[in-house]
Trainee: 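My structure is below; once you've seen it, I'll send some questions.
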Amino acid sequence: MYKPTNLQAINKNRFDNLKEDLSATLKRNQGLRVKANANTSVILEGKYYLCNDRNELIDYFDIRIIIPKGYPFVFPVLQETSNKIKRNKDWHTDENGLACVEIMQFTNIIAKRGISIYDFIEYYVSKFFSWQLVKDFEGDQNLIEWAHDSPGNIQFYEWLFDTKDCKIIYKCIDAVLSKKIPSRNEACVCGSGKKYKYCHEKIFEDLKDINRKQLEEDFELFKIT
């Protein structure tokens, strides 16, 4: 939804287990309660209070947060249930109030590395509702977003690689999918002539954390391009 994403800001708080995470989360967000704790998921429901830096209330929203089984290596789901937010793609909310808070490739990377519920709320829930209020009152001319669907996926890789050269992106995704990643001292697959460790090694770490099915779909976009 928004760009860019700060992975360091997302992973500021680590907890030993889900119980500790929930305890800290509920203490910080006193309008929320654990609604269900089943074998398949944990659900938080209640009011989310959006406050400014002086802890003054800006607005509040009825929400539901669904944490699928697999914590912390899953990406939570946000649902707005107060019907204050418009239900359409341009507002990143579907007809059931399910919010699109992040582009899919980043949800893959974040889930692979783990995310606490506490940080999900601090980073994503606050950003989502702040974004909605800015768009409502000021318009979206100053908001930076990923495009919808395939154009947004292409934007993600252009941002990740810091290039619009589709051949470079294509070669690197292909190397991950075909498991032909070079050793650190070999030439990078992008064709730059640099050693892999001085070229795209860090970016490959992100690529390897993206779900293979997603990566295959994205690969086809660059093949066509």
Trainee: Nearest 0.5 Å please: distance from the CG atom of Leu57 over to the SG atom of Cys51.
Mentor: 5.0 Å
Trainee: Can we call the ring centroids of Tyr124 and Trp131 under 6.0 Å apart?
Mentor: no
Trainee: Heavy atoms only: give me the nearest Cys188-His200 pair and the separation to one decimal.
Mentor: SG-ND1, 3.5 Å
Trainee: Give, for atom CD1 of Ile63 and atom CD of Glu45, the distance between the pair rounded to the nearest 0.5 Å.
Mentor: 9.5 Å
Trainee: Would Tyr170 and Phe219 count as a close aromatic pair, with their ring centres under 6.0 Å?
Mentor: yes
Trainee: Does the pair Arg184/Glu201 count as a salt bridge with the N-to-O cut at 4.0 Å?
Mentor: yes
Trainee: Is the distance between the ring centroids of Tyr196 and Phe204 under 6.0 Å?
Mentor: yes
Trainee: Taking the side chain as every heavy atom from C-beta outward, state whether Val134 and Asn142 have any atom pair closer than 4.5 Å.
Mentor: no
Trainee: Keeping Asn29 on the side-chain end and Gly31 on the backbone end, is there a donor-acceptor pair under 3.5 Å?
Mentor: no
Trainee: Report yes if some heavy atom in the side chain of Lys35 is under 4.5 Å from a heavy atom in the side chain of Leu44; otherwise report no.
Mentor: no
Trainee: Please examine the side chains of Leu26 and Arg33, heavy atoms only from C-beta on, and report whether any two atoms are closer than 4.5 Å.
Mentor: no
Trainee: When you measure from the side chain of Asn108 to the backbone N and O of Asn211, does any donor-acceptor pair fall under 3.5 Å?
Mentor: yes
Trainee: Do any N or O atoms from the side chain of Asp140 and from the backbone of Leu143 form a donor-acceptor pair under 3.5 angstrom?
Mentor: no
Trainee: Does Glu205 pair with Lys208 as a salt bridge, N-O distance under 4.0 Å?
Mentor: yes
Trainee: Is Lys84 salt-bridged to Glu80, cutoff N-O under 4.0 Å?
Mentor: no
Trainee: On the 0 to 90° scale, with breaks at 30° and 60°, tag the Tyr60-Tyr49 ring pair as parallel, tilted or perpendicular.
Mentor: tilted
Trainee: For the backbone of Lys127 and the side chain of Ser130, can you confirm whether one donor and one acceptor N or O come within less than 3.5 Å of each other?
Mentor: no
Trainee: Looking at Gln132 and Trp91, would you say the former's side chain and the latter's main chain have a donor-acceptor pair under 3.5 Å?
Mentor: yes
Trainee: Tell me the closest heavy-atom pair linking Cys199 and Cys190, and the distance in Å.
Mentor: SG-SG, 3.6 Å
Trainee: Could you tell me if the side chain of Ser126 sits less than 4.5 Å from the side chain of Tyr48, heavy atoms only?
Mentor: yes
Trainee: Any salt bridge between Lys89 and Asp149, counting N to O under 4.0 Å?
Mentor: yes
Trainee: Is the distance from the ring center of His92 to that of Phe128 below 6.0 Å?
Mentor: no
Trainee: For His148 and Asp90, work out which heavy atoms get closest and say how close.
Mentor: NE2-OD1, 3.5 Å
Trainee: Quick one: are the ring centres of Phe106 and Phe75 less than 6.0 Å apart?
Mentor: no
Trainee: Could you work out, with salt bridge (Lys or Arg N to Asp or Glu O under 4.0 Å) as the rule, every residue matching Lys86, not counting sequence neighbours?
Mentor: none
Trainee: Under 4.5 Å between any side-chain heavy atoms of Gln214 and Asp218, yes or no?
Mentor: yes
Trainee: Nearest 0.5 Å, what's the CD1-SG distance between Ile154 and Cys166?
Mentor: 7.0 Å
Trainee: Working to the nearest 0.5 angstrom, can you tell me the gap between Glu216 CD and Leu177 CG?
Mentor: 6.0 Å
Trainee: Quick check: do Val101 and Phe120 have side-chain heavy atoms less than 4.5 Å from each other?
Mentor: yes
Trainee: Decide if atom CZ of Arg28 counts as having more than 12 heavy atoms of other residues, nucleotides or ligands within a radius under 6.0 Å.
Mentor: no
Trainee: Is it the case that more than 12 heavy atoms not belonging to Lys197 sit under 6.0 Å from its NZ atom?
Mentor: yes
Trainee: Got a donor-acceptor contact below 3.5 angstrom from the Thr163 side chain to the Phe161 backbone?
Mentor: no
Trainee: Under the side-chain contact (heavy atoms from CB on, under 4.5 Å) rule, what do Ile67 and Ile117 come out as? Steps first, then yes or no, please.
Mentor: CA-CA 8 Å; Ile67 304 99; Ile117 305 166; 3.8 Å; yes
Trainee: For the residue pair Phe73 and Lys112, establish whether any side-chain heavy-atom pair is separated by less than 4.5 Å.
Mentor: no
Trainee: side-chain hydrogen bond (donor to acceptor under 3.5 Å, both in side chains), that's the test. Do Asn13 and Asp119 meet it? Break it down for me.
Mentor: CA-CA 7 Å; Asn13 297 279; Asp119 283 340; 2.7 Å; yes
Trainee: Which residues satisfy the salt bridge (Lys or Arg N to Asp or Glu O under 4.0 Å) test with Glu20, sequence neighbours excluded?
Mentor: none
Trainee: Checking the side chain of Asp21 only, and the main-chain atoms of Tyr118 only, is there a donor and an acceptor separated by less than 3.5 Å?
Mentor: yes
Trainee: More than 12 heavy atoms of other residues, nucleotides or ligands under 6.0 Å from CD of Gln30: is that the case?
Mentor: no
Trainee: Whether the side chain of Gln141 engages the backbone of Glu138 through a donor-acceptor N/O pair (distance < 3.5 Å, no angle test) should be reported.
Mentor: yes
Trainee: Applying side-chain contact (heavy atoms from CB on, under 4.5 Å), run through Val176 and Leu215 and close with a yes or a no.
Mentor: CA-CA 9 Å; Val176 174; Leu215 205 58; 3.7 Å; yes
Trainee: Heavy-atom count check: over 12 atoms from other residues, nucleotides or ligands less than 6.0 Å from Asn55 CG?
Mentor: no
Trainee: So, applying side-chain contact (heavy atoms from CB on, under 4.5 Å) with Ile65, which one of Thr25, Val125, Ile43 is it?
Mentor: Val125
Trainee: Using a strict threshold of under 4.0 Å (side-chain N to carboxylate O), is an ion pair present between Glu95 and Arg87?
Mentor: no
Trainee: Under a 4.0 Å threshold between the charged nitrogen and the carboxylate oxygen, would Arg113 count as salt-bridged to Asp206?
Mentor: yes
Trainee: Taking CG in Asp162 as the centre, count heavy atoms belonging to other residues, nucleotides or ligands within less than 6.0 Å. Is the count above 12?
Mentor: no
Trainee: Do Val74 and Ile210 sit in one hydrophobic cluster, given that two such residues count as connected whenever their side-chain heavy atoms are within less than 4.5 Å of each other, even indirectly?
Mentor: yes
Trainee: Applying side-chain hydrogen bond (donor to acceptor under 3.5 Å, both in side chains) to Asn96 and Gln79, what does each step give before you reach the verdict?
Mentor: CA-CA 8 Å; Asn96 298 312; Gln79 183 179 21; 5.9 Å; no
Trainee: For Glu217, does its backbone N or O pair with a side-chain atom of Glu220 as donor and acceptor, under 3.5 Å?
Mentor: no
Trainee: State yes or no: are the ring centers of Phe129 and Phe61 separated by less than 6.0 Å?
Mentor: yes
Trainee: Leu98, Met104: one ILVMFWY side-chain cluster at the under-4.5 Å cut-off?
Mentor: no
Trainee: Under the side-chain contact (heavy atoms from CB on, under 4.5 Å) rule, what do Leu133 and Leu50 come out as? Steps first, then yes or no, please.
Mentor: CA-CA 10 Å; Leu133 293 178; Leu50 180 65; 3.6 Å; yes
Trainee: Tell me whether Ile121 is reachable from Ile58 by hopping between hydrophobic residues (I, L, V, M, F, W, Y) whose side-chain heavy atoms are closer than 4.5 Å.
Mentor: yes
Trainee: Taking C-beta and beyond as the side chain, do Cys172 and Ile203 meet within less than 4.5 Å on heavy atoms?
Mentor: no
Trainee: Could you walk me through whether Gln105 and Tyr157 satisfy the side-chain contact (heavy atoms from CB on, under 4.5 Å) test, starting with their C-alpha distance in whole Å, then the side-chain angles of each, then the deciding distance to 0.1 Å, before giving a yes or no?
Mentor: CA-CA 9 Å; Gln105 290 81 1; Tyr157 289 99; 3.7 Å; yes
